[in-house]
Amino acid sequence: MQAASRESYQAARERLDAYVAGAAPEAVAATADDILAVAGLLGREPRLRRALSDPARSGADRSGLLGDMLHGKIGADAKDLLATLVAGRWSAPSELLDGTEQLGVQALLAGADRAGELGEVEDELFRFGQMVAGDAQLNAALSDSIAPVAQRAELVRALLTGKARPATVRLVEAALAGFGGRSFVGALTRLVELAADRRDRSVAYVTVASLLAEEDERRLGARLSEIYGRQVTVKQTVSPEILGGMSVRVGSDLYDGTVLRRLTETRNALAKR
C-alpha cells in the first residue's frame, strides 16, 4: 500500500482493536464474516471499488454510499468499521480491496485471540498447508482459480469441519479467495505469519530430513528468539530429499545447512574444473 492507503487502513485497524477489546469472541467473529463478505463484493464489483475510493468524493459521502448499500445486510459494528475504512484516502481502488480483506482477516484473528484459540488456529493453518502441499490432487483442486470459490470452500469445509476451529476454516476460505492477491498456498503461509505476529512472534519454517526431537526444537526456537529479539515459533516440514542437516527460513532470511545443498555445491564446483 502507498502512504495514504496505509494511513487509512491504520485508522480502521485502530478502531477494530478498540472494538475487539470490549466485544465477545462470537460477536467479533460475526463482524469479521460481515467485513469479508463486503470484501468479496468489492472484488466482484470494480465500479463499486472505484466509487468508494474516489478522491473527488468526500469521506462522508463515500461512507454514506456504503451505509445505504449495506443497510440491514450486515451488523452495526461491521458497518461502523467499514465506514471508517472507506472514509479514508485510498491511492487506488485495489488498495481499498486489500485493506478490506486485511481488516476482515485481522478481525478473525482478533476473535480467535479473544477466545484464547489463536495459537491453535495458527497451528491448524500450518498443518492444513502441509497436508495440501503433500497431496498434488488436493492442491490442484483448491488452487484452481477457475473453479468458483464457493465450490472449493465446500471441499474445505468437508475436510475441516469438526477437525479445526471455525476461525481456521474461515481463514482458509479467505485464502481460497486469494487473500492479498496471493496463490492459495501463499495466502495460507501469510495467514500463519499474521497469526504469529498478532501474538508478537515470528515464524521459522524449518525443513528437516526427519522430525527434530522436542528438546532440539525447543533449543532451536530459543536460539532463533535470541537472534531476532522476539519469540520465534518453529514450524517443521519433513523432506527426506535433503538427506540431512536443515534449512531455516525466517521472513526473507534463509539459512540452508542441508546435505543436499552441500552436495549440489560440490557437484557444481567439480563441473567447473
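This chain uses plain numbering: 1 for the first residue, then up along the sequence.
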Short side-chain donor-acceptor distance under 3.5 Å, Thr189 and Tyr205:
no
How long is the gap from OG1 on Thr100 to CG on Leu42, to the nearest 0.5 Å?
5.0 Å
Backbone N or O of Ala92 within a donor-acceptor pair of the Ser53 side chain at under 3.5 Å?
no
Any donor and acceptor pair, going by atom type alone, linking the side chain of Arg249 with main-chain N or O of Gly251 inside 3.5 Å?
yes
Tell me every residue that passes side chain to side chain donor-acceptor pair (under 3.5 Å) with Tyr228, counting only those two or more places apart in sequence or in another chain.
Asp253, Tyr255
Sub-4.5 Å side-chain heavy-atom contact between Gln106 and Arg198:
yes
Contacts of Asp197 that satisfy side chain to side chain donor-acceptor pair (under 3.5 Å) - sequence neighbours left out:
Arg230
Excluding sequence neighbours, so at least two apart, what forms side chain to side chain contact (heavy atoms under 4.5 Å, CB included) with Pro46?
Arg49, Arg50
Using atom types as modelled, flag every donor-acceptor pair under 3.5 Å from a side chain in residues 158-179 to any protein atom, sequence neighbours excluded.
unit_1, atom_1, unit_2, atom_2, d
Thr161, OG1, Arg157, O, 2.7
Arg165, NH1, Glu124, OE2, 2.4
Thr168, OG1, Glu124, OE1, 2.5
Arg170, NE, Asp33, OD1, 2.8
Arg170, NH1, Glu173, OE1, 3.4
Glu173, OE2, Arg157, NH1, 2.7

Ignoring hydrogens and angles, write down the donor-acceptor pairs under 3.5 Å from the side chains of residues 63-77, residues two or more places apart or on other chains.
unit_1, atom_1, unit_2, atom_2, d
Ser63, OG, Gly59, O, 3.1
Ser63, OG, Ala83, O, 2.8

Arg182 atom CZ, neighbour heavy-atom count above 12 within 6.0 Å:
yes
Check for a donor-acceptor pair, side chain of Arg62 on one end and backbone N or O of Val86 on the other, with a separation under 3.5 Å.
yes
With sequence neighbours left out, write down each residue that passes side chain to side chain donor-acceptor pair (under 3.5 Å) with Gln236, or none if nothing qualifies.
Glu217
Does Thr207 offer a backbone N or O that forms a donor-acceptor pair with the side chain of Ser239 under 3.5 Å?
no
